[in-house]
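The structure appears right after this line, and notes come after that.
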Amino acid sequence: MIVLSKKIRVRFAPSPTGVLHIGGARTALYNWLFARHHGGKFILRIEDTDRSRSTEEATSAIISSLKWLGLDWDEGPEVGGSYGPYHQTERLSFYEEAVAELLKARMAYKCYCSPEELEERRKLALKSGKPPGYDGRCRKLTEKEQKDYEEEGRKCAIRFACPKEGETIVSDTIRGDVVFQNTVLEDFILVRANGLPTYNFAAVIDDAAMKITHIIRGVDHLTNTPKQILLYEALGLSVPVFTHLPMILGSDGKPLSKRHGATSVEEYKKDGYLPGAILNYLALLGWSYDEKTTIFSVQDLIEKFTLDKITKNPAIFDNIKLQWMNGCYIRELSVDKLMDLLIPIWVDAGFFAKPSDFGIGNLKTITALVQERIKCLTDVLELTDFFFKEEIGIDPKTADKVLKNPEVSKVLEAAHEKLKELEKFDTENVEAALRSIPAELDVKPKLVFQPIRVAVTGRTVSPPLFETIEVLGKEKTLKRIELAQEATEEREGNG
RNA sequence: GGCGCAUUCGUCUAGUGGCCUAGGACACCGCCCUCUCAAGGCGGAGAUCACGGGUUCGAGCCCCGUAUGCGCCA
């Protein structure tokens with residue numbers, strides 16, 4: 001494909017009716033990657049003509065999600081640009097102008113049918129097995145009839161006068177030529193009775209005015225495309241290159257929705273996912289580079305992304321794989337960087353008010369201990385709460401499993417004794433002290449370390465024991481062992 | 001209802017007529033490492049390439065039909 005790199009212009013055009021969803025994020029990503037790969041421009045346009053559902057909050061939410069993902073735009077809200085404004089509701093004059101032109105050329109006409117009438121006719125047509133589309137009755141209205149309607153006070157919508165013969169071909173970069181018979185394209189509405197343009201119309205006018213060269217969007221728009229092409233042609237505008245992306249589905253193969261769990265970028269952020277991991281995962285949902293590579297930095301993606309490697313098949317969104325990938329990205333972080341990300345999570349959980357309350361050094365050690373054990377940042381809470389809590393509870397089942405062994409009393413006693421004697425309470429000394437216990441008591445290592453772990457952390461699963469004990473410190477460690485001993489004795493007394 | 005798109009391991013995918021007894025990744029199972037859990041290493045299982053026809057010396061790959069799913073008109 002010959003591409004004039006400098007001139008490539010693509011856009012992401014969300015409707016601000018809600019937060020940025022995974023599907024939208026992927027569309028934005030592919031557009032952004034394509035622009036960055038070719039050194040073109042990435043434009044953000046807000047399609048807010050549906051006034052009843054569009055909100056300022058949604059616009060800000062989408063913008064902040066895009067920023068968080070690192071998908072920056074060259075033109076659009078906040079940054080401006082020479083093809084603005086970038087909100088459709090501020091571009092009404094563009095649409096009016098185009099409508100006037102089409103009406104004058106008789107390629108559009110006024111339709112006085114009310115929504116109620118249309119709905120009724122649609123139902124009727126369906127009932128009798130006929131196509132439910134608009135029948136085109138207002139297309140042949142005489143001037144007198146129009147005048148009568150106007151006098152009746154009827155409002156009119158503007159419809160496109162679709163050619164009734166021939167075919168329109170959509171050349172899609174990944175699906176090839178898709179042919180539509182013009183007869184099946186009804187006279188669709190350009191401007192509603194309320195004066196606002198429809199999606200198909202506004203998008204074409206704006207894409208042309210903004211000199212968009214490539215349109216990359218979901219396949220759900222594929223059947224809208226012939227209508228749009230007809231509009232480009234009617235207005236003498238050059239038709240952009242189309243790429244229709246496969247859908248993203250939920251685990252049951254149905255369209256992604258709330259019941260599949262998190263579906264918005266915001267939620268993933270809150271759950272402790274990293275932007276790089278989300279981008280990497282999304283890039284691979286419908287695109288691949290070769291048969292081996294899975295991990296791509298943003299820079300890799302920019303270098304390697306091409307439209308011809310996009311697949312046609314819809315993809316099921318797999319949270320498990322995203323989690324795995326997020327874990328990979330967490331492991332790639334420096335300890336300092338990871339700690340910076342973890343601190344607000346600990347603070348939110350109420351473990352401490354500011355890092356110095358617990359000690360930066362300790363937090364750094366803890367971070368290093370959990371780095372390869374968490375898939376999401378928020379996983380850290382469950383794994384580290386015992387460090388911060390003054391008192392830990394040992395759940396009865398855990399106690400039953402680990403503390404019921406007859407050797408436990410001896411083990412805990414020995415551990416307490418040895419740790420108490422330590423002058424330098426660091427990992428090395430703690431390890432040496434505890435490692436001597438199995439041989440001395442002639443007990444398997446596991447039967448020594450597990451009870452100590454449970455005593456000290458309250459859990460059977462924890463970060464590495466010796467390091468953990470160092471961070472906890474002598475006082476807390478000894479106290480927790482004592483408490484466990486008491487509990488054990490009680491059990492023995494009762495048992 | 002019409003039109004359109006899609007269909008390779010459970011999931012994401014590689015595959016553009018002979019390199020495919022179908023490759024990789026996640027998940028799963030086993031072993032190694034090991035104080036638990038992870039991480040890491042090694043290995044295993046898992047796909048009659050939706051189905052049925054055709055074209056061809058040869059088809060996952062090309063053509064036709066069917067089924068299923070999804071989308072648009074809404």
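A, B, ... follow the sequence lines: proteins, then strands. Residue 1 opens every chain.
Looking at heavy-atom distances under 4.0 Å, A:G286 makes contact with sugar-phosphate atoms alone, never a base. A:S288 comes within contact range of the sugar-phosphate backbone alone, with a heavy-atom separation under 4.0 Å but no base atom that close. Residue-level contact check: A:K227 touches the backbone only, with heavy atoms under 4.0 Å from sugar-phosphate atoms and none from bases.
Of all non-hydrogen atoms in A:T367 and A:V335, the two that sit nearest each other are CG2-O, 3.7 Å. Contact record, A:K389 with A:R480: O-NH2, 2.8 Å, taken as the closest heavy-atom pair.
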List every contact pair, protein side and nucleotides 63-65 of chain B side both N or O, where the distance is under 3.5 Å.
none

Restricting both atoms to N or O, compile the protein contacts to nucleotides 68-71 of chain B shorter than 3.5 Å, with distance only.
from	atom 1	to	atom 2	distance (Å)
B:C70	OP1	A:K254	NZ	2.6
B:G71	O2'	A:D220	O	3.4

Please write out each protein N/O paired with an N/O of nucleotides 43-48 of chain B under 3.5 Å, distance rounded to 0.1 Å.
none

Between N or O atoms, less than 3.5 Å apart, protein on one side and nucleotides 20-25 of chain B on the other: list the pairs.
from	atom 1	to	atom 2	distance (Å)
B:A25	N3	A:K321	NZ	3.1

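Pairing for B:A74 is absent, judged as Watson-Crick or G-U wobble with the two contacts each under 3.5 Å. Both distances falling under 3.5 Å, in either a Watson-Crick or a G-U wobble arrangement, place B:A6 opposite B:U68. Using Watson-Crick or G-U wobble geometry with both donor-acceptor distances under 3.5 Å, B:C20 finds no partner in any strand shown. Here B:A47 sits opposite no nucleotide as a Watson-Crick or G-U wobble pair (both hydrogen-bonding atom distances under 3.5 Å). Within the shown strands, B:C42 is the pairing partner of B:G30 under the Watson-Crick or G-U definition, both distances less than 3.5 Å.
Atom C1' of B:A50 sits at a distance of 11 Å from the matching atom of B:A6, rounded to the whole Å.
For residues 267-280 of chain A, the side chain to side chain donor-acceptor pair (under 3.5 Å) pairs, not counting sequence neighbours, are A:S264-A:E267, A:Y268-A:N319, A:N280-A:Y329.
Near-neighbour residues of RNA chain B inside residues 16-31 of chain A, defined by a heavy atom below 4.0 Å, are absent.
The only option from A:F386, A:F388, A:F387 that meets the ring pair (Phe, Tyr, Trp, His ring centres under 6.0 Å) definition with A:F351 turns out to be A:F388. Each of A:I310, A:V170, A:V219 was evaluated against A:R175; a single residue qualifies, A:V219, per the side chain to side chain contact (heavy atoms under 4.5 Å, CB included) test.
Contacts of A:E372 classified as side-chain contact (heavy atoms from CB on, under 4.5 Å), with partners at least two apart in sequence or in another chain: A:R331. In terms of the ring-ring contact (aromatic ring centres under 6.0 Å, His included) criterion, residue partners of A:F160 (sequence neighbours excluded) are, by chain and number, A:F188. Taking A:F296 as the reference, A:W287 meet the ring-ring contact (aromatic ring centres under 6.0 Å, His included) condition, with sequence neighbours excluded. For the salt bridge (Lys or Arg N to Asp or Glu O under 4.0 Å) test, no residue two or more places apart in sequence or in another chain qualifies with A:E470.
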Under 3.5 Å donor-acceptor pairs involving side-chain atoms of residues 440-449 of chain A, not counting sequence neighbours:
from	atom 1	to	atom 2	distance (Å)
A:E440	OE1	A:K418	NZ	3.2
A:E440	OE2	A:K418	NZ	3.2

Next item on the list: Carefully, step by step, assess A:D395 and A:K397 under the rule salt bridge (charged side-chain N to carboxylate O under 4.0 Å, His left out).
Entry: CA-CA 6 Å; A:D395 129 301; A:K397 272 190 211 149; 5.8 Å; no
Notebook entry, point to check: Do A:Y281 and A:K321 pass the side-chain contact (heavy atoms from CB on, under 4.5 Å) test, and can you show the C-alpha distance, the side-chain angles, and the key distance before you say yes or no?
Noted result: CA-CA 8 Å; A:Y281 180 71; A:K321 189 161 185 176; 4.0 Å; yes
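Contact check, A:N313 against B:A6: no side-chain N or O comes under 4.0 Å of OP1 or OP2.
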Item checked: Footprint string (nucleotides 28-35 of chain B, 5' to 3'): B base within contact, S backbone only, - free, heavy atoms under 4.0 Å -> -------B
